[in-house]
Each structure stands twice: as C-alpha cells, then as structure tokens.
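Convention: sequence-line order gives letters A, B, ...; per-chain numbering from 1.
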Protein chains: 2
Amino acid sequence: MTIDPYSHTPVYVQLADLIRERIESGDLAAGAPVGTELQLSQEHGIGRDAVRMAISLLRSEGLVTTTRPMGTRVREVPQRRQVELRPGATVVARMPSGKERRTMQLDEGVPILEVRNPGGEVEVLPGDEVELTRPER
Amino acid sequence: MTIDPYSHTPVYVQLADLIRERIESGDLAAGAPVGTELQLSQEHGIGRDAVRMAISLLRSEGLVTTTRPMGTRVREVPQRRQVELRPGATVVARMPSGKERRTMQLDEGVPILEVRNPGGEVEVLPGDEVELTRPER
DNA sequence: ATGCATTTGTCCGTATGTATA
DNA sequence: GTATACATACGGACAAATGCA
C-alpha cells in the first residue's frame with residue numbers, strides 16, 4: 001500500500017489509515033514506535049505537515065501517544081474496570097474539554113462517560129478505563 | 001481576553017480556549033463560522049500554524065467542523081435519542097477508527113458507544129446521538 | 001456550463017525551546 | 001553533558017476543492 005498524492009483523500013488521512021491498519025492488524029504492537037516524523041516523511045515521500053497531522057489524528061483517536069524524545073508509540077490501553085449502572089441512571093459519551101482533559105490527566109482521544117444518577121448526582125468517568133454494565137438482575 | 005505569546009501555555013491552546021469559551025457561552029451559535037485561518041491569524045497576531053493547531057484541537061473535541069472552502073463552523077449537535085440498555089449488556093466508549101468514522105459519517109471528535117448484548121450481539125452507536133438509560137425497573 | 005474567488009490542504013524553510021535517553 | 005526528537009511558532013508558496021456569479 002502506498003500513498004497517492006493525487007487521490008482526493010488528503011495525504012495525511014491516507015498515512016493515518018496506513019498506520020491505523022498496521023496497529024489494528026497487530027503489525028505494530030502496543031508500545032512499538034511508529035517511526036519518527038522524518039522517517040515517515042521520507043519513507044512515504046510526503047511533507048512534514050502531513051506526517052504531523054496524521055500523527056495528530058491518530059492521537060485524537062487514542063491509538064498512539066507521543067513523548068519526547070522517544071517519538072510516537074502505539075498506546076497501551078488500560079484494563080477496563082466494570083462499573084455498574086444504577087437503576088434510573090442515564091449515560092452520555094462525549095469528548096472532554098481541554099480543561100477537563102488536563103485536570104483528569106487523560107490522553108488525547110479518550111472520551112468521557114457522563115453518568116447521571118437519579119437524584120441528580122453526576123459521575124464523570126474516563127472512557128478508556130471503564131466498562132459499564134447493566135446486571136442481569 | 002487576548003493572547004499572550006510569552007505565556008507558558010501555547011498560543012494555539014490559548015486560541016482554542018478562547019474559541020471554546022465563545023462556543024460554550026453561546027456567543028458563537030451552532031452553524032456560526034469561527035473565522036477563516038487568515039482572519040484568526042491576523043486578529044490575534046499569531047501565525048497560521050497556531051490557528052490551524054487550535055482549530056484541529058477543537059475538531060478533535062467535536063466542537064467544530066471544517067469544510068473547504070466554507071471554513072470552520074460551530075458543529076450542530078444532534079438531539080440525543082434514548083436507548084435502553086438491556087439486562088446483561090455491557091458498554092464501552094471509544095473513538096471510531098477512520099473507516100468507521102467515514103462509513104458512519106461521524107464528525108471528528110465524536111466517540112462511539114459499543115453495546116455488547118447478552119448473546120454476543122454488538123451494537124455500535126454514534127456517541128453524540130444517543131443517551132443510554134437503565135430504567136428504574 | 002465556465003470560470004472566479006475563497007479557504008483549506010500541503011509543501012518547504014527557519015528558528016527556538018524542552019524533555020529525556 | 002550531548003544528542004535526539006518532538007513542540008511551538010513564524011514565514012512563504014502553490015494546489016485543490018467548492019460555492020457562486
């Protein structure tokens with residue numbers, strides 16, 4: 001698979017698709033480096049901006065994290081703990097605001113679960129750490 | 001409020017914060033343009049890179065959408081419909097893959113709710129359109 | 001139906017700062 | 001301490017997509 005600069009899909013989306021596929025297929029395991037910006041730029045014959053936007057997109061999907069100076073690696077997804085949904089509760093999923101992300105120390109690309117319990121109490125849960133359950137009975 | 005290039009918080013984060021506040025306060029209503037890259041660049045005396053990064057950040061939070069050549073507008077959030085969680089079901093929230101996002105026609109920054117019903121059937125729901133409920137009884 | 005104007009997409013160059021192996 | 005690699009930020013240039021006259 002190679003990147004087609006003449007395609008109607010943006011180059012950075014194509015690169016993100018390539019890397020995402022390698023991650024989801026297991027070719028790139030958790031913790032594995034996806035390559036430096038320079039490497040990716042040269043390997044695929046595309047510009048710096050495109051590489052950075054591709055990486056940024058994957059970060060926003062929660063697939064990779066970038067640290068200095070180790071570069072970008074496949075993100076290790078934490079174990080999910082089970083959270084039981086109480087009767088009468090409602091849940092919405094959304095992305096955190098910038099402030100929320102910083103105060104909750106969430107990686108980019110991690111959604112939030114907002115659980116509204118009867119009585120009005122609201123729980124805000126990191127979406128990558130929990131699995132909601134409605135028990136059998 | 002104005003942008004301080006000497007602050008320790010990056011210029012693009014400051015701009016994103018400014019725009020986010022205008023959206024959340026209702027100053028910028030759904031569908032309203034947030035301004036072109038050039039406008040924002042000139043108004044705040046910052047580079048186009050910083051503007052693009054700010055917009056990109058807001059996109060990843062699901063607050064705005066960008067199309068060419070209409071620019072970036074405040075995203076219209078759909079009405080949420082209620083979805084009842086069946087007994088024995090479990091739910092996880094995650095970001096969609098690029099392919100999922102495109103086939104489900106989701107905007108950037110919209111999480112997915114993956115409902116696993118007893119029996120193994122899996123439902124994939126757009127996170128901005130549903131509110132999960134566990135009924136009182 | 002053709003073309004123009006607008007706006008983002010993409011490329012490139014440069015520079016400084018910062019975290020960490 | 002040094003080298004590495006990204007983060008931030010500025011600048012310029014051309015390409016491509018789309019709404020509209």
Check the distance between C/dT10's C1' and A/H44's NE2 and give it to me in whole angstrom. 17 Å

Tell me, which pairs form a salt bridge (charged side-chain N to carboxylate O under 4.0 Å, His left out) where one or both residues lie in residues 29-47 of chain A, sequence neighbours left out? A/E37-A/R52

Taking only heavy atoms on the protein side, list every residue of residues 30-39 of chain A lying under 4.0 Å from any atom of DNA chain D, sorted numerically. A/T36, A/E37

CZ-CG distance between B/R20 and B/L28, expressed to the nearest 0.5 angstrom: 13.0 Å

Rounded to the nearest 0.5 Å, how far apart are CZ of A/R101 and CE of A/M104? 12.0 Å

Can you sort out which residues in residues 47-61 of chain B have a heavy atom within less than 4.0 Å of DNA chain D? Ascending by number, please. B/G47, B/R48, B/D49, B/A50, B/M53

Holding to side-chain contact (heavy atoms from CB on, under 4.5 Å), I want the full list of residues that pass it with A/P33, two or more places apart in sequence or in another chain. A/R73

Which atom pairs, donor and acceptor, lie under 3.5 Å between side-chain atoms of residues 126-133 of chain A and protein residues at least two apart or in another chain?
{"from": "A/D128", "atom 1": "OD2", "to": "A/R75", "atom 2": "NH2", "distance (Å)": "2.6"}
{"from": "A/E131", "atom 1": "OE1", "to": "A/Q82", "atom 2": "NE2", "distance (Å)": "2.6"}

Considering residues at least two apart in sequence or located in another chain, which fulfil the side-chain contact (heavy atoms from CB on, under 4.5 Å) criterion with B/P69? none

B/L57: hydrophobic cluster co-members (side-chain, 4.5 Å): B/Y12, B/V13, B/M53

For residues 108-117 of chain B, tabulate all N or O donor-acceptor pairs below 3.5 Å that involve a side-chain atom, not counting sequence neighbours.
{"from": "B/E114", "atom 1": "OE1", "to": "B/R116", "atom 2": "NH2", "distance (Å)": "3.2"}
{"from": "B/E114", "atom 1": "OE2", "to": "B/R94", "atom 2": "NE", "distance (Å)": "2.9"}
{"from": "B/E114", "atom 1": "OE2", "to": "B/R94", "atom 2": "NH2", "distance (Å)": "2.6"}
{"from": "B/N117", "atom 1": "ND2", "to": "B/E121", "atom 2": "OE1", "distance (Å)": "3.1"}
{"from": "B/N117", "atom 1": "ND2", "to": "B/E123", "atom 2": "OE1", "distance (Å)": "3.2"}

Distance in angstrom units between A/R73 CZ and D/dT4 C1', rounded: 13 Å

Let me know the distance between CD of A/E108 and P of D/dC6, rounded to the nearest Å. 16 Å

Scan nucleotides 16-21 of chain C nucleotide by nucleotide, 5' to 3', and note B when protein non-hydrogen atoms come under 4.0 Å of the base, S if they reach only the sugar-phosphate, - if neither. -BBBBS

Partners meeting side-chain hydrogen bond (donor to acceptor under 3.5 Å, both in side chains) with B/T66 (sequence neighbours left out): B/R59, B/T72

Just to confirm, is there a sub-4.0 Å distance from OP1 or OP2 of C/dT10 to any side-chain nitrogen or oxygen of A/Y12? no

By side-chain hydrogen bond (donor to acceptor under 3.5 Å, both in side chains), B/R22 pairs with (sequence neighbours left out) B/D27

Sequence neighbours left out, what passes salt bridge (charged side-chain N to carboxylate O under 4.0 Å, His left out) with B/R80? Give chain and number order. none

Checking base pairs now: Watson-Crick or wobble, both atom distances under 3.5 Å. What partners D/dG1? none

Rounded to whole angstroms, how far apart are CD1 on A/I3 and C1' on C/dG9? 14 Å

